[in-house]
Amino acid sequence: MNLLDVDNLWVKFPTRTGIFDAVRGISFSLGQERLGIVGESGSGKSMTGRAILKLIRPPGQIIADRIAIEGDDIIAMNERQMRKVRGERISMVMQDPKFSLNPVMTVGDQIMEAYRTHTRSSKTDAKRKALEMLEAVSIRAPERVFRAYPHEMSGGMGQRIMIAMMLIPDPRILIADEPTSALDVSVQTQVLGIIDRLVKERGMGLIFISHDLNLVSSFCDRVLIMYSGRIVETCQADKLHEAQHPYTRGLLNSLPRLDAPNRRLEVLQRDPAWRDAPSVSGRI
Amino acid sequence: MNAVDISDLNVWFGKGRDRVDAVRNVSLTLAQGGSLGLVGESGSGKSTILRALTGLAPSWTGQMTVAGKTLGRRRTRTFYQTVQMVFQDPYASLHPRHSIDQVLSETLTLHGYRDIEPRIEKLLADVGLGPSYRFRYPHQLSGGQRQRVAIARALAPEPAILLLDEPTSALDVSVQAEILNLLTDIRAERDLSYMMVSHDLAVVGHMCERIAVMQNGEIVETMSVEDMRAMRMTHPYSKHLLSASMGLPTDEALSDL
Amino acid sequence: MTDQVSQSGWRAWLTTDTPTSRRQAKLSSWYHGWLAFRGNTMAMFGLGILVFLILIAIFAPLIAPHDPLAQDLGNRLKPLGESGHFLGTDSLGRDILSRLIYGARITLYIVILVALIAPVVGLFIGTVAGYTGGIIDATLMRITDIFLAFPRLVLALAFVAALGAGIENAVLAIALTAWPPYARIARAETLTIRNSDYISAVRLQGAGPLRIITKHIWPLCLSSLIVRITLDMAGIILAAAGLGFLGMGAQPPTPEWGAMISEGRRFILDHWWVATMPGLAIFTVSLAFNLLGDGLRDVLDPKDGGS
């Protein structure tokens, strides 16, 4: 059974000039793999991630034939049931840890809280588990970080703490929305390494949302390329550079490259037909 | 004569115990008509050099010479007719309540131009925006279009040196290609000297002939772009930075900061 | 038919994304603001009350059924609706409705004058302090703190006592006590705006502090000040009423609402309407200003403006 099945997902926002479709009827599934979703801003990739957690705020609407986590359809679930699903079965790491951590609580208290909302465990138990988790994300002085406040942490450290917090209830699926784009390159490789190791060790599924094609192609197993709310192409990540769709090709060619210098960069010519073409299935 | 000469530059923020030394003993030159890229991670002081040069960072020591003139504490209007800057975030560098027309006409007025109407039209055309954009407000423009407006504003006083502070890091890659091409064309047309700050080595490698690598406020190595492409660098930190940005495995000892 | 076409033509002209002249761009941004404001029912309700009040003030001589100053001692303290007095009469037999209608003029006069003086002073002091920083900032802000430390009515009382009673002096006193919060807001806004890239960018064009403050910082502070003014209006009306109530504002027989309550309080148990009617008027206008302020905040807040 797949960890996640999404059938015909739409995300709609009413505006003054009519309804805006951020995501337009996409279907995909996720196994025990690293699935990358790439696209430019406004392509609907982040909305897809949020829709799976049902985190679209009204008046935004999520419409889908089915969103099933290990076979359980979450479309019909109410907010109370969803709160149990979030964290326990599916979790999310966002772009900037600065905005996701509570600035007036110590790191340890936040991780413990994340654990204790999902398990009825004692404080000492939660603390032991939190320290274990901090160690799992390669923090060398977990005791010190446990007592620290978020502002005392660097960006890379903050993101590791976020990962620890999100993984402590042992979810089956992790959604990472641009988890490293606020970080420096060297820290970036490190955080990705940690995510990779944990996802493998625990047999989880990872949805990795990013605008960075090179990163996705080197880090993921399979890639969905999104354009204006639809999936235009799907391929094996290591074959991303052989992608066929003109949009994917255009994105790849517009990147400046150190190994292949040229005076002018290729500019992406957008074809209106891409927008109307039906979505490609991202099922396994 | 060099476009920019900087020697022994120190820049700091705050005073007493809160003092942070952002730039330490930096010396660099930008050749006339040349292009220099400053790379480094966040907090390495690369943007601070640009801010000190333009007078936006007030506490500094050392010597800065632009087009043969040594800079004092205050920048004159003539200075700003030689040096202009494009900022990182086009969403933050345009006044939210000023239309494009207001932005450009104010800039031209400040520099004492009289023929404002034709100049605005020319500037917009130069950065690839039609006249229909002239009376729009920033919120009616996309990120790339805003950055074009910011470039037009920087070009208005007809400067000889353009400072580029991560001009494309807030943009999508396809838009980044358009803006980088525009900057390449403008430089060729107007014979400009560029000093560009970026964390993206590929972008700097595309735009610049010389590259200075910064770490903790100091320049650790300066090299030509050919040397960088061929991985001919001496300092371990520059090697580490390059391999990290090429997606290669990095030296653990350095990355575990 | 042609009417409809020209109307939709106007609308298209106003809502276009590609304005072709300075004037069209300005008008179009105003129109979008108005569209957003119009969507807020409560704010429109507040605006409606205020327009109504302004019309009453303008046409007071035409609307008022009686002379607001004419005394009729034979008809003292008549209850509501009796002998042609819709809201009754006061202790000197004057028609309360007519006095309320004429009182709208005085209330508006006070409100407008205070709104013209206090925010302008506050804006000027706050932005100068925030932008220049250092010793000027410290000095200006300590002066502001001193004014803030006194309860508004007490300070206003002291001013009126020094200047003498009367509407103009009441206005002056209220304005002098009302500016410090505006200065605080303007300074706080300036501190966040001061370091933004668009201010740096205009400094790189060689613009001086005066130009930056007036042309770049003021327009951004203005919206939060306007919102704050409308929310403060209720307080200003109440302060004016309070001064009137204490006999320091408008002098008898001027039909100022606060003074009317003050007169009526002697009979509040037996003839409740004498004090209640002007009280209700103050309440309604204060509420209207508060609703308007809430709506304006949604429209004008620069933090999510335009997006």
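Chain A is the first sequence line, chain B the second, and so forth, proteins listed ahead of strands; every chain is numbered from 1. The structure presented is a predicted model; accordingly, all values stated were derived computationally and were not measured.
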Undergrad: Please say whether more than 12 non-hydrogen atoms of neighbouring residues, nucleotides or ligands are located less than 6.0 Å from CZ in C:Phe45.
TA: no

Undergrad: Look up atom CG in B:Leu56 and atom CG in C:Leu204, then write down how far apart they are to the nearest 0.5 Å.
TA: 5.0 Å

Undergrad: Could you tell me if the side chain of C:Ser28 sits less than 4.5 Å from the side chain of B:Phe135, heavy atoms only?
TA: no

Undergrad: Evaluate whether atom CZ of C:Phe124 has more than 12 neighbouring non-hydrogen atoms of other residues, nucleotides or ligands under 6.0 angstrom away.
TA: no

Undergrad: Would a distance-only check, ignoring hydrogens and angles, find a side-chain to backbone donor-acceptor pair under 3.5 Å from B:His95 to C:Val202?
TA: no

Undergrad: Ignoring hydrogens, what is the shortest heavy-atom contact between B:Ser93 and C:Ala201? Give both atom names and the distance.
TA: O-CB, 4.3 Å

Undergrad: With a 4.5 Å heavy-atom cut-off, do B:Glu106 and C:His216 have their side chains touching?
TA: yes

Undergrad: State the CZ-OH distance between B:Arg97 and C:Tyr198, to the nearest 0.5 angstrom.
TA: 9.5 Å

Undergrad: Are there residues of residues 68-87 of chain B whose heavy atoms fall under 4.5 Å of chain C's heavy atoms? If so, which?
TA: B:Arg77, B:Tyr80, B:Gln84, B:Met85, B:Phe87

Undergrad: Counting only heavy atoms not in C:Arg142, do more than 12 sit closer than 6.0 Å to its CZ atom?
TA: yes

Undergrad: For the candidates B:Val103, B:Asp89, B:Asp165, B:Leu110, which exhibits the highest count of non-hydrogen atom pairs separated by less than 4.5 Å from chain C?
TA: B:Leu110

Undergrad: Taking non-hydrogen atoms and a cut-off under 4.5 angstrom, which of residues 176-188 of chain C neighbour chain B?
TA: none

Undergrad: From C:Lys26 NZ over to B:Tyr137 OH, what is the distance, rounded to the nearest 0.5 angstrom?
TA: 4.0 Å

Undergrad: So, taking the atom named OG1 in B:Thr54 and the one named CZ in C:Arg203, what distance separates them when rounded to the nearest 0.5 Å?
TA: 8.5 Å

